[in-house]
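Report on the following structure.
Convention: sequence-line order gives letters A, B, ...; per-chain numbering from 1.
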Amino acid sequence: MTACQLRNPSSSLPQGVAGAGLTAPRNLKRKEAARECRRKKKEYVKCLENRVAVLENQNKTLIEELRALKNVYRHKAE
DNA sequence: TTTCAGTTTCGTCAAGTCCC
DNA sequence: GGGACTTGACGAAACTGAAA
């Protein structure tokens, strides 16, 4: 038993047939809503990827800074 | 060039949430 | 409550790259 069958009792029908009673404008709205949802999701993922890149750069910079400071204090201690 | 497995894209359904 | 909207999940079709 697939998850789809659990959720959709009319799943023996090909997809699209079960909802054939829907009016065309309603179907159109669904299509557009799905497209918009996917567009937003892509945008969100891209945003997260950008953030990862920024944070990785920050991390590199901070590591470099820490290394430099350690050097300074090591020389002072000598 | 053909075949085929893996990936991406699309339309649809169902469930959840929000707002009136 | 009920209609409109959002989103995860599914199957089908289209696309892609590697192997034969």
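- Rounded to whole angstrom, the span from the CG atom of A/Asn27 across to the C1' atom of B/dT12 amounts to 8 Å.
- Contact check, A/Lys29 against C/dC5: a side-chain N or O comes under 4.0 Å of OP1 or OP2.
- Partners of A/Glu65 under the side-chain contact (heavy atoms from CB on, under 4.5 Å) rule, at least two apart in sequence or in another chain, are A/Leu62.
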Anything under 3.5 Å between a donor and an acceptor, one on a side chain of residues 67-74 of chain A, the other on a protein residue two or more places apart or in another chain? List them.
residue : atom : partner : partner atom : Å
A/Arg67 : NH1  : A/Glu64 : OE2          : 2.9
A/Asn71 : OD1  : A/Arg74 : NH2          : 2.4

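- In this view, A/Arg35 and A/Lys31, A/Glu32 satisfy the side-chain contact (heavy atoms from CB on, under 4.5 Å) rule, not counting sequence neighbours.
- The distance from atom CG of A/Leu28 to atom C1' of B/dG11 is 12 Å, rounded to the nearest whole Å.
- Protein atom NZ of A/Lys31 is 5 Å distant from nucleotide atom P of B/dT12, rounded to whole Å.
- With rounding to whole Å, A/Arg26 atom CZ is found 12 Å from B/dA14 atom C1'.
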Name every donor-acceptor pair, under 3.5 Å, that has one atom in a side chain of residues 40-57 of chain A and the other anywhere in the protein, sequence neighbours excluded.
residue : atom : partner : partner atom : Å
A/Glu43 : OE2  : A/Arg39 : NH1          : 2.9

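- Using a 4.0 Å cutoff on non-hydrogen atoms, the parts of residues 35-47 of chain A near DNA chain B are A/Arg35, A/Arg38, ordered by number.
- In this structure, A/Glu32 places its CD atom 13 Å from C1' of C/dC5, rounding to the nearest Å.
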